[in-house]
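Here the structure comes first, spelled out in C-alpha cells, and everything after it is commentary.
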Amino acid sequence: WEHYLSCDGSPDPTVPQEMNTFMSLWREDQDEDVQLVMEKGEVVLKLIEKLEFLLLDASPNEITEEQRVQYLEFILQLQDLLHQKYNEATQNLLKVTSMYEDSETGNMHTVIKDTNATFCIWVNLKKKPRFKNHVFQEAGHGFDLPKSLALSSVAVRVLHTRYDHVSPLAASLKKDSNNIDDKKEMEEETEKNSDILDEPPQGIWLFLVCSTTKVLMLSILYEEPRGREEAPKVVDVQQLVPVGGVYHIDALQLPPQPQDVSDWSMVELLDVGFEVYPYSPGEAEDGTEEAVQITLRLPDNVIYFEVPMVARWDPAGQQWRTDGISNITYEGQEKSITFGMGAFYTVALLQDAHLNLPYQAWELQPTGVDEGLFTVTAVFATMQIQIKDNQCMLSSVVVEDEEVFSHTTGKWMSPFALREALKRAGVNIFPAEHSHKYVPFQSRPALTPPQSDRNNELPLVGFSPCLSSVLHLTVHFFLPQVSELLKADSAKDSHWSLYMFNGEKVQNLKLTETSEAFSEELEEESEFHSTLYHILKDFASNEAMDRVERAGSLFIDSVYQLLLATRVLAFS
C-alpha cells in the first residue's frame, strides 16, 4: 500500500514484469550524463533497499524459495546496471573533454556529487610532467601519478559510492563453506569454554591487540601459500567490513577527441566503449616499483574508532586483499588517508565489525503507551533508541562524551533502516551469525534467538529490564534485572528483582546486585515459568499487567526486532 500510494512511477520490486521493464528501458538509454545517472541511481538504491528488507523481514511462509532467489537476482542485476551506467556516462563525458579545458593547466577536471556518490574525473590533455598530481577541491580526494602516466593520454576517475555493492558478492560465495565452519565452532563452544588458545592452522595468522582488561581487536588474515614468493593477504570479510562506502579508482583510455576543421567539428567514432588504460608500474629511481599515490577525504558522516585498514578488491578471486597497498598514512584530525598502489584498484577502508562488542550495559525502559527507550552502551559508544509503534528513532549517539551523527538522529524509521544507517556510519552494534568466533563472551547456548521468543518482549510495556552486573558469574544463564515501571524515569529508584533465565525456564532469585557470592537460591514463594512474561504475572501489579495486555502488536514487533538484531542476551 505504501508503494501504491507513493505513486512515484518506480516499479513494484515484487512484480517481475515491472522490474524487467524498468531495467530494460534503462539499458536502452545510451546518452545519459553523470547527473542523470545519479538521479536514476537514487531510485535504484531504494529498490535494492526494499528487496533487501523483504528478504530479511519476510518469514519463510510469506515468500517462496523461488521468490527469494528472484529477489536476490534483481538485487545483483540492479547493482550491476547502476555501475554499468556510471561507466557509460563516464565514456560520454570523455568524448568531449577538450571542450572543458582548465585555463591554468590545460587539462580537464570536474566533481559531481549527491548524497549517494561522488564522481571525480581528471583528464590529462596536455601531458606535461609538472601536472602529474591533482586535488579535487570539492571532494578532498587527490592523486600523484608516476611520470610515465603523466606523459600519457589518460584519465583518472575516483568514483566514491557511499554504498557497498562489492562485498556482498564475496559473502554470498563463501556462505556455504562458512556455515559448515560456524556449526563446528558452535559445537566446540557449547561443549566447553577452553582457556587455552589452540595453535592456529598452518596458513592462518591471528593478530591480537590486548589491554589488561579485554581483547580490543582480533584480526585474521589468511595467507595463501606461494612457495618462496611473498603470499598475498586475503581479508576475512566476516571480521573486517568496509565502512564509508567503496572507492573505484580507475585509469581510463581517452577516446578520440573532436577536431575543428573549418566550420566543422569532426571526431573519429570507435565502437569499443568504456576502456581501462593498460597501466603496468615501472621502476622508480631508488629501484622500487613505482606507485600511484592516492589521498582520500573520509566522509563526515562516518566514524572510524580505529585506524582503518586499506584493502583492494580482487575481481578474479572475489575477495578483499591487503597486498598491493603500501605507505599508509592516516590523519585522524584532518579525516584523510594517503597510500600507494601498485596499480589502479577499487579500494575500501575496513573496520573491525565487532570492535563495539561485547556490550557494556543495556536497558529497556517504557516511556508511554506503546513507547519505549532502548539504551545500549557499547565499547566505544552509547546509543539511545526511541521506539514507538513500528518505528524507531536514534535519539543520541555519544562517543567520548560528545554527541555525534546529527544527520541520523531525530529521524523515525523502521528497525531495519535504523540498523543499516548505523552500520553505514561505522557504528556496528549488530552481531552476525558468525560473531561468536570473534567476540570474547561466555557461551550461553540456550539463549539462541528462536528460544528468546516474543513473550519476553511483552513486559517492556510495564517493566524495565536491564543487564545485571553479576552476569559474569555464570556461564549458562542470563541474569536480567527487572523493575516495575509505571512512570517515566522512575526505574532507578524503584525496587529491582533479579531473575535467572536459561532459555527454557525463568526463576526469581534471592540474589541481589550487592551480594558477595553468586547463589541459585530462589526467592521465597516463587515458582519457575517458561518466559519472563509469565513469571512477572506472579508479582506484578494489576496496573502494570493491564498495560502489558494492551500492548500493540506493532510495538511488540519493533522491540523484538531490535533485541533480535542486537542479541543483548548473548553478547553482553
Side-chain angles (χ1 to χ4, degrees), residues 72 75-77 79-80 82-84 86-87 90 141 143 146 149 156-178 181 201-207 219-253 274-282 288-294 296 307-328 337-353 432 434:
L72 283 170
I75 289 173
L76 294 175
Q77 289 174 17
Q79 292 175 346
D80 183 66
L82 179 56
H83 194 68
Q84 176 189 328
Y86 270 117
N87 289 345
T90 301
H141 307 320
F143 61 82
L149 279 177
V156 176
R157 181 184 72 170
V158 179
L159 174 59
H160 173 209
T161 61
R162 289 167 183 80
Y163 49 84
D164 176 16
H165 288 171
V166 177
S167 300
L169 297 176
S172 62
L173 285 172
K174 296 183 177 182
K175 185 175 181 181
D176 292 338
S177 60
N178 286 337
D181 295 337
Q202 185 175 2
I204 301 180
W205 292 88
L206 290 87
F207 298 89
S219 296
I220 297 181
L221 296 174
Y222 296 93
E223 292 192 355
E224 295 182 354
R226 277 196 174 185
R228 295 185 178 180
E229 297 181 17
E230 183 180 352
K233 298 174 181 177
V234 179
V235 174
D236 179 5
V237 293
Q238 293 181 345
Q239 167 72 359
L240 296 161
V241 295
V243 172
V246 174
Y247 300 83
H248 302 267
I249 305 173
D250 306 290
L252 305 175
Q253 194 86 268
F274 184 83
E275 279 190 291
V276 174
Y277 187 84
Y279 170 71
S280 56
T288 60
E289 190 178 80
E290 282 186 321
V292 180
Q293 295 296 321
I294 300 293
L296 299 177
V307 178
M309 176 186 289
V310 183
R312 66 176 182 89
W313 179 249
D314 172 24
Q318 292 288 292
Q319 55 202 353
W320 289 106
R321 293 179 177 269
T322 56
D323 58 328
I325 306 294
S326 60
N327 302 324
I328 301 173
I337 191 165
T338 301
F339 53 91
M341 303 193 303
F344 287 85
Y345 301 121
T346 292
V347 301
L349 307 180
L350 309 184
Q351 185 168 263
D352 184 356
H434 46 261

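What you are looking at is a predicted structure, and each value in this text was computed from that prediction instead of being measured.
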In short, L349 meets P308 closest at the heavy-atom pair CB-CB, 3.9 Å
In sequence, state the C-alpha distance, the side-chain angles, and the governing distance for F274 and Q253, and then conclude on side chain to side chain contact (heavy atoms under 4.5 Å, CB included). CA-CA 8 Å; F274 184 83; Q253 194 86 268; over 6 Å; no
Between H141 and Y247, ring centroids under 6.0 Å: yes
Step-by-step side chain to side chain contact (heavy atoms under 4.5 Å, CB included) determination, H248 to V246: CA-CA 6 Å; H248 302 267; V246 174; 3.8 Å; yes
Side chains of I249 and F344: does their closest heavy-atom pair fall under 4.5 Å? yes
Decide yes or no for E290 and L149: does some side-chain heavy atom of the first lie under 4.5 Å from some side-chain heavy atom of the second? no
Would you sort out whether V347 and L296 count as a side chain to side chain contact (heavy atoms under 4.5 Å, CB included), showing the intermediate values? CA-CA 11 Å; V347 301; L296 299 177; 4.3 Å; yes
Write down the atom of L252, the atom of D250, and the distance for their closest heavy-atom approach. CD2-CB, 3.7 Å
Find out whether Q319 and V237 are in side-chain contact, i.e. whether some heavy atom of one side chain is under 4.5 Å from a heavy atom of the other. no
What is the minimum heavy-atom distance between S167 and P242, and which atoms define it? OG-CG, 3.1 Å
One pair to check against side chain to side chain contact (heavy atoms under 4.5 Å, CB included): D352 and L240. What are the steps and the verdict? CA-CA 5 Å; D352 184 356; L240 296 161; 4.2 Å; yes
Any idea which heavy atoms bring T346 and W320 closest together, and the distance? O-CZ3, 3.7 Å
With side chains defined as the heavy atoms from C-beta onward, is the minimum distance between Y277 and V156 less than 4.5 Å? no
Report yes if the side chains of R312 and D323 come closer than 4.5 Å at any heavy-atom pair, otherwise no. yes
Heavy-atom side-chain proximity of K233 to I325 below 4.5 angstrom: no
Using every non-hydrogen atom in the two residues, find where G324 and Y345 come nearest and quote the distance to one decimal. O-CE1, 3.8 Å
Rounded at 0.5 Å granularity, tell me how far NE2 in H165 sits from CG in L82. 6.5 Å
